[in-house]
Novice: 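Got a structure for you, written out below as structure tokens; questions coming shortly.
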Amino acid sequence: MAGEYAALAPVYTRSGLADYSVRVTERLHDYAQAHEWMGRHILDLGCGTGAVMNWFVQNRPRLQLIGVDNEPAMLNVAREKIGNAAQFYEQDLRSLSDIREIDMALAINVINEIDSIRELGAVFENVHKTLNPGKLFIFDLHTTEGLANQGAVGDQGIVDEPDLAVFSHNDYDYEQQIYTCEYTIFNQVEGEWARGNGTRKLRSFPVQAVAVLLRRSGFEISTLLNENFNRLNTPTPGTLRVFFIATKQ
């Protein structure tokens with residue numbers, strides 16, 4: 001995971017790659033409050049360039065924020081953007097340490113980046129240790145159908161501006177159940193053009209297997225939501241993304 005985003009870090013927000021996470025953050029926070037969540041300490045797992053944390057700074061300034069990412073270039077952008085309004089840790093989600101007494105842990109658009117179901121279990125166990133009893137772990141998960149649909153997009157232009165162009169090549173490997181997006185970036189800095197490349201790989205996990213891992217790690221699943229924030233019992237055809245709302249037991 002680390003190193004794959006370094007070239008994307010300077011243009012990540014400008015390219016719209018953080019837009020989805022920001023868009024759903026308000027809805028997730030409001031959903032939690034509407035269901036009697038209370039707390040002050042928010043942990044943003046895979047915080048990237050800090051777009052989600054910046055939303056909290058702008059809209060919920062009294063909250064205490066901690067961001068974790070394992071890509072130094074992304075964290076540098078987040079620190080420049082947010083400054084002292086949050087704490088940042090360069091850590092891997094599979095080996096979190098020194099973070100405790102969290103009231104809500106968010107992992108938006110990041111869980112599918114974990115390499116295996118075994119490592120996903122380690123992530124859940126580590127998140128469990130950070131949370132106060134009865135507090136929330138909220139994350140989203142691309143379904144297999146959702147990732148396959150993204151892979152079917154093929155080549156795509158993301159940004160076309162006078163000083164920035166970003167292209168993506170999308171593919172889905174049905175044998176390994178991995179979606180790959182390869183980015184090509186042309187960025188003009190001080191009058192000179194530079195080319196960079198970044199790669200993002202997302203692995204498909206069965207929703208029921210993820211649910212079992214959560215329970216084994218000490219969580220109770222309060223709710224499953226689809227991409228439209230409607231309740232789910234189990235994913236049905238056409239469900240592209242699932243939100244897990246889980247509580248530490």
Novice: Under the rule for side-chain hydrogen bond (donor to acceptor under 3.5 Å, both in side chains), what residues qualify as partners of Asp171, not counting sequence neighbours?
Specialist: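 Residues passing side-chain hydrogen bond (donor to acceptor under 3.5 Å, both in side chains) with Asp171: none at all.
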Novice: Would you say the side-chain atoms of Asn228 pair up with the backbone N or O of Asn230, donor to acceptor, closer than 3.5 Å?
Specialist: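 Side chain of Asn228 to backbone of Asn230, a donor-acceptor pair under 3.5 Å: no, none is there.
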Novice: What residue pairs, at least two apart or across chains, pass ring pair (Phe, Tyr, Trp, His ring centres under 6.0 Å) with a residue in residues 174-199?
Specialist: Tyr172-Tyr174
Novice: Quick one: does Ile66's side chain get under 4.5 Å of Ile42's, heavy atoms only?
Specialist: no
Novice: Could you work out, with side-chain hydrogen bond (donor to acceptor under 3.5 Å, both in side chains) as the rule, every residue matching Asp160, not counting sequence neighbours?
Specialist: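 None.
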Novice: Salt bridge (Lys or Arg N to Asp or Glu O under 4.0 Å): which pairs involve residues 23-35, sequence neighbours left out?
Specialist: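 Checked against salt bridge (Lys or Arg N to Asp or Glu O under 4.0 Å) - neighbours excluded - the pairs reaching residues 23-35 are Asp30-Arg60.
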Novice: Test: ring pair (Phe, Tyr, Trp, His ring centres under 6.0 Å). Region: residues 114-153. Which pairs qualify, not counting sequence neighbours?
Specialist: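 Found Phe124-Phe137, Phe124-Phe139, His128-Phe219, Phe137-Phe139, Phe137-Phe219, Phe139-Phe244.
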Novice: Mind jotting down which residue pairs meet the salt bridge (Lys or Arg N to Asp or Glu O under 4.0 Å) criterion with at least one end in residues 74-88? Sequence neighbours excluded, please.
Specialist: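 As it turns out, there is no salt bridge (Lys or Arg N to Asp or Glu O under 4.0 Å) pair with a partner in residues 74-88 once direct neighbours are skipped.
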Novice: What salt bridge (Lys or Arg N to Asp or Glu O under 4.0 Å) pairs are there with at least one residue in residues 226-245, not counting sequence neighbours?
Specialist: Asp140-Arg241
Novice: Mind checking side-chain hydrogen bond (donor to acceptor under 3.5 Å, both in side chains) for Ser222 and listing every partner two or more places apart, or none if nothing turns up?
Specialist: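 Scan of Ser222 (side-chain hydrogen bond (donor to acceptor under 3.5 Å, both in side chains), adjacent residues dropped) gives Thr247.
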Novice: Counting distance only, does the side-chain N/O of Arg200 pair as donor-acceptor with the main-chain N or O of Thr180 below 3.5 Å?
Specialist: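 It does not hold such a pair.
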Novice: Taking ring pair (Phe, Tyr, Trp, His ring centres under 6.0 Å) as the cut-off, I'd like each qualifying pair that reaches into residues 83-108, sequence neighbours left out, listed once.
Specialist: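 For residues 83-108, and leaving out neighbouring residues, there are no ring pair (Phe, Tyr, Trp, His ring centres under 6.0 Å) pairs at all.
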Novice: Which pairs, with at least one residue in residues 130-139 and sequence neighbours excluded, count as a side chain to side chain donor-acceptor pair (under 3.5 Å)?
Specialist: Asp103-Asn132
Novice: Does Glu161 have any side-chain hydrogen bond (donor to acceptor under 3.5 Å, both in side chains) partners at least two apart in sequence or in another chain, and if so, which?
Specialist: Arg14
Novice: Which pairs count as ring pair (Phe, Tyr, Trp, His ring centres under 6.0 Å) when at least one residue sits in residues 38-61, sequence neighbours excluded?
Specialist: His29-Phe56
